[in-house]
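A short worksheet on the structure shown next.
Atoms within each ligand, like the ligands themselves, are counted from 1 in listed order.
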Amino acid sequence: MVNIGLLGLGTVGTGVVEIIEKRKSELKDLTEKDINIKKVLVKNIDKERNIKLEPDVLTSCFEEILKDKEIDIIIEVTGDVELSYKYITESLNSGKHVVTANKAVVSKYFEELSALAEEKNLAFLYEASVGGGIPVLKSLKEALALNKISQVLGILNGTCNYILTRMVDEGKNYDEVLKIAQKLGYAEADPTADVEGHDTLRKLRILGTLVLQGEIKEEDILLGGISAINSNDINLFKMMNSTIKLVAEAKIYEEGYTAVVLPTIVKNSNYFANVNMAFNSVAFEGNNVGQLKFYGSGAGKLPTANAVLSDVLDIVMDTYRKGNPLGNRELVNMNSKIKEEFYLRVSGTNDEIIKALRKISKKVLTIGATTAIITEEIELSKLEDIMSSFKVDKKRYFLARILD
Ligand code: NAP
Ligand code: HSE
């Protein structure tokens, strides 16, 4: 018997319980063990839940789970950052393996938690933290043993991709689609983390740190979100035979690396243009394997719970990667050197701003009263400086990269 302590019974936690219930006998056939959820931690024990558990399984006391010597594996799916850091460290220190879907905690404490798990000779696995249901991290850790990986590129947030797809394909309004994404269980408790790009940034921090085998900090990643997009932008992208995606990219060069999360204009013929709704995709470039692409559901109850449980299976069958998967390469950040063409739309412009923008534009696009430019090759910081010199609030302009 393998006993699990489940921390959190929201969207993902409920999915974990459901899959274990439904697949009990198949799981036993595979692992030759009964997998049992012994305790479930929740915040509000009196909340009505649409899942039935044996009496005494629910608790609001973490200590009860921590002190239970029969619990071998902790699944952390609460979403709280500092509290889950405490739960994860205390669990590892008590000899329990840990699986989490919480990218915020992995991103913030990646090096420390990986080192602690190695020191304790335990598993610390986080497959569901990047790309929802896509089995990308396990494959990546394996590919890293065989390849030097020079680039990772991906659509990593289901909520943003869902919003952008429905705005482009159906002309839906931003606020309306965000509400639907929340109802479908894709969005974070505070959806600002999704739409302002922080969730994607955390996932790139995890992926990039693994791929480049050196620490990429959250603050080392250039960030832009999708919340300022409007229907005029969408119509202009359509006129360019393109669409818009929130794309994350980390790339290594001889002199250093770049790491960026920005809305990105993608030609309709590009592979990433066809990654739609809440699907995610991650592509790597390895020196032996060449290009590898992973695609699947990026968010939602069952796909995410599936990824959590694939980590649990690796622990039960002892097939997880031992040791610390992080490298100690010294990396030089070259984001300030990124010089590209950008799309920039500013609302409510005056003559002075238009004059300044024309000086740096390669092409001017208009739709109704809206004017946008495609810039000449320019540093992103210079563009942002121009906007702040005219005191243009971030909500009034939308900026995007253009994928080759
Ligand atoms: P959720 O629906 O908000 O559920 C959170 C659960 O954790 C609830 O059961 C809540 O208890 C419990 N909880 C929250 N704070 C707690 C505390 N201080 N002490 C004890 N229990 C606490 O969240 P979710 O969507 O399942 O997401 C969980 C984690 O998975 C997050 O880190 C998220 O980023 C990650 N994730 C989610 C998805 C997705 O598609 N939803 C995909 C990948 C990763 P109550 O039920 O009593 O309120
Ligand atoms: N809020 C996240 C998303 C959940 O929309 O991608 C999956 O990590």
Side-chain angles (χ1 to χ4, degrees), residues 5-18 39-51 53 58-66 74-88 99-108 126-134 136-137 154-165 177-178 180-204 206-207 225-226 246 248 261 275 277-282 296-308 311:
L6 176 64
L7 315 184
L9 190 60
T11 305
V12 184
T14 305
V16 167
V17 176
E18 279 180 19
K39 284 276 169 198
V40 179
L41 181 78
V42 290
K43 197 174 190 172
N44 177 3
I45 202 151
D46 300 320
K47 198 186 215 173
E48 208 161 298
R49 303 188 184 267
N50 47 12
I51 191 142
L53 292 166
L58 272 195
T59 177
S60 56
C61 174
F62 173 65
E63 297 301 307
E64 209 181 295
I65 297 178
L66 190 68
I74 296 293
I75 297 178
E76 187 287 309
V77 284
T78 65
D80 188 287
V81 183
E82 296 312 323
L83 214 58
S84 64
Y85 166 72
K86 173 179 147 20
Y87 295 158
I88 293 171
V99 172
T100 183
N102 185 339
K103 46 273 153 129
V105 79
V106 179
S107 173
K108 188 159 180 194
Y126 36 84
E127 184 62 71
S129 70
V130 178
I134 309 174
V136 62
L137 296 182
I155 293 176
L156 303 177
N157 185 273
T159 304
C160 288
N161 210 42
Y162 183 83
I163 294 172
L164 294 176
T165 304
V177 205
L178 170 58
I180 304 173
Q182 286 177 286
K183 261 202 188 142
L184 290 169
Y186 301 152
E188 295 302 303
D190 175 3
T192 316
D194 295 295
V195 297
E196 298 305 345
H198 303 285
D199 180 78
T200 303
L201 176 142
R202 289 168 187 142
K203 291 165 177 167
L204 183 65
I206 298 167
L207 269 178
I226 66 159
L246 185 67
V261 171
V275 177
M277 304 298 269
F279 285 92
N280 282 189
S281 184
V282 189
S297 296
K301 179 169 85 171
L302 295 174
T304 311
N306 194 84
V308 165
D311 280 344

Does Val42 reach the side chain of Arg49, with side-chain heavy atoms less than 4.5 Å apart? yes
Show me which atoms of ligand 2 lie under 4.0 Å from any heavy atom of Tyr186. 1 (N), 2 (C), 3 (C), 4 (C), 5 (O)
Any side-chain heavy-atom pair of Val40 and Thr59 under 4.5 Å: no
Any donor-acceptor pair under 3.5 Å linking the side chain of Thr159 with the backbone of Tyr186? yes
Using a strict threshold of under 4.0 Å (side-chain N to carboxylate O), is an ion pair present between Glu188 and Lys103? yes
Would you call Gly132 a ligand 2 contact, heavy-atom distance under 4.0 Å? no
Amino acids contacting ligand 1, non-hydrogen cut-off under 4.0 Å: Gly8, Leu9, Gly10, Thr11, Val12, Leu41, Val42, Lys43, Asn44, Lys47, Arg49, Val77, Thr78, Gly79, Leu83, Tyr87, Ala101, Asn102, Lys103, Ala128, Gly185, Glu188, Ala299, Gly300, Thr304
Hey, what do you get for CE (Met277) to CG (Leu184), rounding to the nearest 0.5 Å? 8.5 Å
Proximal ligand 2 atoms for Glu188, defined as those under 4.0 Å from one of its heavy atoms: 1 (N), 2 (C), 4 (C)
Which of these passes side-chain contact (heavy atoms from CB on, under 4.5 Å) with Leu156: Thr200, Asp199, Val136? Thr200
Need the ligand 2 atom indices (1-based, order shown) with element for anything under 4.0 Å from a heavy-atom of Gly298. 6 (O), 7 (C)
How close does the nearest protein non-hydrogen atom get to atom 8 (O) of ligand 2, and which residue and atom is it? Lys103 NZ, 2.5 Å
Any donor-acceptor pair under 3.5 Å linking the side-chain atoms of Thr192 with those of Asp190? yes
Sub-4.0 Å atoms of ligand 2 with respect to non-hydrogen atoms of Asp194: 1 (N), 2 (C), 3 (C), 5 (O)
Interfacing atoms of ligand 2 (cut-off 4.0 Å, heavy-atom, Lys203): 2 (C), 3 (C), 6 (O), 7 (C), 8 (O)
Atom indices of ligand 2, in the order listed, that fall short of 4.0 Å to a heavy atom of Gly158: 3 (C), 5 (O), 6 (O)
Between Ser297 and Asn280, does the side chain to side chain contact (heavy atoms under 4.5 Å, CB included) criterion hold? Intermediate values first, please. CA-CA 6 Å; Ser297 296; Asn280 282 189; over 6 Å; no
Is any N or O atom of Ala128, backbone or side chain, closer than 3.5 Å to an N or O atom of ligand 2? no
Find the distance between CG (Asn161) and CG (Leu246) and round it off to the nearest 0.5 Å. 8.5 Å
Ligand 2 atoms nearer than 4.0 angstrom to some heavy atom of Thr159 are 1 (N), 3 (C), 5 (O)
State, with a plain yes or no, whether a side-chain heavy atom of Ile226 is found less than 4.5 Å away from one of Leu164. yes
Using 0.5 Å steps for rounding, measure from the CD1 atom of Ile75 to the CG atom of Leu6. 5.5 Å
Looking at ligand 2, does any of its N/O atoms fall within less than 3.5 Å of an N/O of Ser129? no
